[in-house]
Amino acid sequence: MSPVVTRFAPSPTGFLHIGGARTALFNWLYARNQGGTFLLRIEDTDRERSTREATEAILESMKWLGLSWDGEPIFQSQRFEIYNRYIDQLLEKGQAYYCSCSPEQVEAMREKARAEGRKPKYDGNCREKTVTPGPGVVVRLKAPLHGKTLYQDVVKGPVAVDNAELDDLILRRSDGSPTYNLAVVVDDHEMAVTHVIRGDDHVANTPRQVLLYQAFGWDLPAFGHVPMILGPDKQKLSKRHGALSVMEYEKMGYLPEAMVNYLARLGWSHGDQEIFSRQELTQAFSPENLGRSAAVFDTQKLDWLNAHYIKEASPATLAGLLAPRLADLGFPDLDPKVLEAIVPLYQTRSKTLAEMAQACTFFLIPAAALEYDQEAMAKFLTPEARAHLQALRQGLAGLADFKATALEGLLNTYLEKAGIKFKIIAQPLRVAVTGKTASPGLHETLEVLGQEESLARLDRALAL
RNA sequence: GUCCCCAUCGUCUAGCCUGGUCCAGGACACCGGCCUUUCACGCCGGCGACAGGGGUUCAAAUCCCCUUGGGGACGCCA
């Protein structure tokens, strides 16, 4: 058994989107699972649309997701010589030929075929002619006219296509550059790729590529086509469904662990398990368990996973991730210790880092700038409640150890003396100190706020 | 239009290959309850699917065929 080699081969025409990230993930997982190699190849043969920025963006996304590739990325744009050498080889063997048909002529052929209810394709006009290289001349594969081309798809099983359905695909454009199908086959062969796991949109290309392998006399790699990702309306995922780019999810406050876990479970399964650490994923992954049908991208489930990983993360880690977000919200240069004290209060209350950052600001705002919910004030800061709060203020001011347990003790003592239940003062106190009716636990909130700030807020509320 | 692929709860899926243990299991969401100082978390419970029709078989979610529905591909893009 030759060692497993997988690859991810994006074309740098934009950011890395959800679908691409998932195929990259599956390739990475399989390579890591097998102790094999995971390569990265940038398919930039289209010089018009490929950009350096897009390449950077893709690499950034891969790094964020933790999909480490082996060796240096390979750029197809630097390998044109190699492709042309192979095309010449095919030309010499008579497996390829020059074709002088103009794009317009070919389009006419397609139109004709379409009109006759056949599959639109090139009709092989130059197949038996001896066209010589020159301007406007391309090189085409001399594909078999009859028979079937079949291959074993790791996820779909056997796939067969009549060769009559295929046409003589262009290998070299009139400008001398190689086409996608040729470059893919040459590279996968040269890179010794053993498993080609890619999106479903490539199934139709596979028989053509198989033909190329056969023309070269090379062994086929294993192919596996993973189903598409759909939007909630079951249409192919697109921008109108919302965020597509992996890095947009980073901006929205999703953790890479959640994204990886979610993407892995979208189209792949391992019994009933839902939560997978990176290590569990690499251990459990097998392409056999890839699903065959398209899957809808469900943000709610992503949210659930993200909430899960937020709960699991250490406060220090989250504080580090939150700092730049809070800086953007107008709270720069925060003391990490302060942030680390706030974070635990929101770990069970946040679906995203963005939500968490937003929630944290409440602790960072000075008493004077705190906003009070008028309705809540009217409802809970009754004269009776105010009397209790006034009395409580004395105790709070005199408390030497302003910690949750001590605060709880202090409050309980007061309740006992006053002969009331916690319920009576809980909401008034909460509103007074937070301005709202919903917040983390009171004792913890007071502790994190600190004595000085708590008293300041209490005073302000009482004065309103 | 032609070809290829797909089809289990609203969604992600287990089961299908190797028919019976499945009046179909898990998870998200939703609904209800418990816990409770609010909001969450957590726990418990509920709702909810084998697309339809034919076969094959003692027996089909599982095998075969058709229909329907969905997706993809038909570039000198990748």
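Order of the sequence lines sets the chain letters (A, B, ...), proteins ahead of strands, with each chain counted from 1.
A:Pro10 comes within 4.0 angstrom of no nucleic acid atom, judged by non-hydrogen atoms across all strands. The residue A:Lys236 sits close only to the backbone: its heavy atoms come under 4.0 Å of sugar-phosphate atoms, none of a base. Using a 4.0 Å heavy-atom distance criterion, A:His270 is classed as making no nucleic acid contact. At a threshold of 4.0 angstrom between heavy atoms, the contacts of A:His225 with the nucleic acid are absent. Looking at heavy-atom distances under 4.0 Å, A:Cys99 makes no contact with the nucleic acid at all. Here A:Arg49 lies in heavy-atom contact (under 4.0 Å) with a base. Using a 4.0 Å heavy-atom distance criterion, A:Ala438 is classed as a base contact. Looking at heavy-atom distances under 4.0 Å, A:Ser11 makes contact with sugar-phosphate atoms alone, never a base.
Of the two residues contacting RNA chain B, namely A:Gly441 and A:Val137, the nearest-nucleotide position lying further toward the 5' end is that of A:Gly441. When each of A:Leu230 and A:Leu290 is assigned the nucleotide of RNA chain B with its nearest heavy atom, A:Leu290 is the one assigned upstream, toward the 5' end.
Taking a cutoff of 4.0 Å between a charged side-chain nitrogen and a carboxylate oxygen, A:Lys148 and A:Asp162 qualify as a salt bridge. The pair A:Asp123-A:Lys112 does not count as a salt bridge, with every side-chain nitrogen at least 4.0 angstrom from each carboxylate oxygen.
The shortest distance between the side-chain N/O atoms of A:Arg114 and the OP1/OP2 oxygens of B:U2 is not below 4.0 Å. Contact annotation: A:Arg41 does not reach the phosphate of B:A78 (side-chain N/O to OP1 or OP2, under 4.0 Å). Between A:Lys311 and B:G42, a side-chain N or O to OP1/OP2 separation shorter than 4.0 Å is present. One finds a side-chain N or O of A:Thr45 lying less than 4.0 angstrom from the OP1 or OP2 phosphate oxygen of B:A78.
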Summarise how protein sits on nucleotides 46-53 of chain B as a single string, 5' to 3': B when a protein heavy atom is under 4.0 Å from the base, S for sugar-phosphate-only contact, - for no contact. --------
List the protein contact pattern of nucleotides 23-28 of chain B with one symbol per nucleotide (5' to 3'): B for base contact, S for sugar-phosphate-only contact, - for none; contact means a heavy-atom distance under 4.0 Å. --BBBS
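Side-chain proximity of A:Ala204 to the nucleotides B:A73, B:C76, B:G71 is greatest for B:A73. Comparing B:G42, B:C6, B:U38 against the side chain of A:Ser293 picks out B:C6 as the nearest. Comparing B:A40, B:U2, B:C5 by their closest approach to the side chain of A:Glu165 singles out B:U2. Distances from the side chain of A:Val161 to the nucleotides B:C41, B:C4, B:C74 place B:C4 closest. With distances taken from any side-chain atom of A:Lys423 to the nucleotides B:U2, B:A78, B:U38, the minimum falls on B:U38.
For A:Arg292 and B:C6, a side-chain-to-base donor-acceptor distance below 3.5 Å is absent, hydrogens and geometry of angles not being considered. Residue A:Asn205 places no side-chain atom within donor-acceptor reach of the base of B:A73, judged by atom type and a 3.5 Å distance cut-off alone.
Each of A:Thr352, A:Asn306, A:Asp303, A:Thr299 was scored for a side-chain hydrogen bond (donor to acceptor under 3.5 Å, both in side chains) with A:Tyr254, with one residue passing: A:Asp303.
Within residues 141-153 of chain A, no residue has any heavy atom closer than 4.0 Å to RNA chain B. Within residues 426-437 of chain A, the residues approaching RNA chain B are A:Ala426, A:Gln427, A:Arg430, A:Thr437, by heavy-atom distance under 4.0 Å.
Aromatic ring pairs are classed by plane angle as parallel below 30°, tilted from 30° to 60° and perpendicular above 60°; the pair A:Phe223 and A:His225 is parallel.
In this structure, A:Glu384 has no salt bridge (Lys or Arg N to Asp or Glu O under 4.0 Å) partners at least two apart in sequence or on a different chain. Residues forming a side chain to side chain contact (heavy atoms under 4.5 Å, CB included) with A:Lys236 (at least two apart in sequence, or on another chain): A:Met228.
Heavy-atom neighbours of A:Lys379 NZ from other residues, nucleotides or ligands within 6.0 Å: at or below the threshold of 12.
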